[in-house]
Amino acid sequence: MDSTNTPFAILAVAPPLRLLDQVRARARYRHFSVRTEEAYVGWIKRFVLFCDKRHPRDVGAREVEEFLTHLAVTRKVAASTQNQALSALLFLYRDVLGEELPWLDGIVRANAPKRMPVVLTRKEVAHLLAQMQGTTQLMAQLMYGTGLRLMECMRLRVKDVDFGANQITVREGKGFKDRVTMLPAAICLALRQHLHRVKARHDRDVAKGLGEVFLPAELALRFPGAGREWTWQYVFPSTSIRRDPRDGAMRRYHADEKILQRAMHNASRLAGILKPASPHPCRARRPLHWATVSRAFGMPNETPAKPLRHAFASHLLDAGYDIRTIQELLGHTDVRTTMVYAHVLNRGGNEIASPLDKLQH
């Protein structure tokens with residue numbers, strides 16, 4: 001019988017989404033980054049496996065607390081890692097399953113240790129940069145000269161570099177805040193030459209029908225075709241084009257931050273710098289074994305070092321610049337976060353004589 005002639009056409013009902021697919025769908029609805037989405041999916045999957053594959057609706061506060069305790073005691077992950085796992089579970093219950101459970105508010109987050117930032121001296125920074133070359137050297141110079149975070153440097157777009165005003169605009173930095181910082185004159189020429197090479201490659205991509213870059217969903221809808229425009233391209237693009245896991249489109253993303261991390265690690269070793277001198281560890285891109293995940297997030301007693309950003313702030317403060325100005329350049333919400341660099345400068349008492357030195361006179 002022709003279904004179009006029947007009074008009620010039979011409609012195909014889509015099967016319900018699996019739990020992890022629901023998590024991905026909700027994360028994309030909330031405009032989470034790909035990294036956050038994959039990290040949350042990974043933690044929720046590990047939680048389900050820890051609970052013997054029972055559905056999260058069938059478990060409660062006891063299982064959540066046992067899972068977090070397992071991470072801290074057995075797996076010995078850092079407090080920040082444990083807190084991210086908790087955030088993933090809160091997202092699961094509140095946003096995905098739509099359950100407002102009273103016991104969720106009673107779970108206490110782990111206290112991360114308060115550590116002093118690792119600050120390189122001007123001489124150490126000079127030696128570090130001298131051991132680098134090419135694009136990674138330019139990245140490192142830009143981070144030290146502007147105070148950019150690692151991923152802010154990787155995600156920098158051509159339109160946000162203003163050579164005329166000698167400034168860089170950071171879009172959606174930490175806390176989704178925009179800010180403006182200086183563009184060092186010392187790297188303007190090298191940066192122009194780098195962008196000239198990047199544009200030549202972009203033109204070749206466009207000629208092949210490619211050349212698209214990732215854009216946030218709302219921008220992609222408002223400005224169709226903007227992803228192929230030069231101004232939206234990354235300043236430090238990846239050397240390869242890959243398929244977007246969300247919609248399957250072929251795009252060129254920004255460079256992998258691990259390239260800079262490895263380059264700085266090798267440069268610090270060659271320069272004989274004993275302080276941790278590589279950008280902070282990044283989140284794992286895919287579910288990994290426990291040991292690898294622990295290393296990616298930082299094990300206990302392992303300080304996530306951001307030495308170039310710390311050096312930028314400390315050296316400006318040492319040069320006499322106002323703490324409020326440095327706060328704006330760094331993008332700190334609270335000036336107390338910036339004040340830690342004042343403590344670093346005072347640590348050891350540069351102008352206070354040690355009692356031991358007094359004994360020598």
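What's counted below: heavy atoms across the whole structure, side chains too, no hydrogens, waters or symmetry copies.
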Short N-O contact, [X] and [Y], less than 4.0 angstrom:
X: Arg54; Y: Asp52; answer: no
X: Arg35; Y: Glu257; answer: yes
X: Arg179; Y: Glu328; answer: no
X: Arg62; Y: Glu66; answer: yes
X: Glu172; Y: Lys177; answer: no
X: Arg201; Y: Asp205; answer: no

Within 45° of the axis and under 6.0 Å from the centre of the six-membered ring of [Y], does NZ or CZ of [X] qualify?
X: Arg192; Y: Phe163; answer: yes
X: Arg157; Y: Tyr234; answer: yes
X: Arg242; Y: Tyr253; answer: yes

Using a 6.0 Å cut-off, check whether atom [atom1] of [X] has over 12 heavy atoms from anything other than its own residue.
X: Leu274; atom1: CG; result: no
X: His196; atom1: NE2; result: no
X: Gln167; atom1: CD; result: yes

Would you confirm whether the ring centroid of Phe312 sits within less than 6.0 angstrom of the ring centroid of Tyr144?
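Ring centres of Phe312 and Tyr144 not closer than 6.0 Å.
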Give a yes or no on whether the backbone of [Y] and the side-chain of [X] come within a donor-acceptor separation of less than 3.5 Å.
X: Arg252; Y: Gly211; value: no
X: His194; Y: Val235; value: yes
X: Arg122; Y: His315; value: yes
X: Tyr93; Y: Pro56; value: yes
X: Asp322; Y: Arg324; value: yes
X: Ser314; Y: His310; value: yes
X: Thr146; Y: Met182; value: no
X: Arg228; Y: Leu210; value: yes
X: Arg46; Y: Gly42; value: yes
X: Gln233; Y: Glu229; value: yes

Determine whether [X] and [Y] fall in the same hydrophobic cluster, where Ile, Leu, Val, Met, Phe, Trp and Tyr are linked whenever their side-chain heavy atoms lie under 4.5 Å apart.
X: Val64; Y: Phe50; value: yes
X: Leu129; Y: Ile259; value: no
X: Val158; Y: Ile187; value: yes

Which heavy atom of [X] sits nearest to which heavy atom of [Y], and what is that distance?
X: Arg309; Y: Gly147; result: NH1-O, 2.6 Å
X: Leu330; Y: Ala313; result: CD1-CB, 3.7 Å
X: Met132; Y: Ala263; result: CE-CB, 4.0 Å
X: Ala88; Y: Trp43; result: CB-CB, 3.8 Å

Under the criterion side chain to side chain donor-acceptor pair (under 3.5 Å), I'd like the reasoning laid out for Tyr29 against Asp95: C-alpha separation, chi angles, the key distance, then a yes or no.
CA-CA 10 Å; Tyr29 175 79; Asp95 291 74; over 6 Å; no
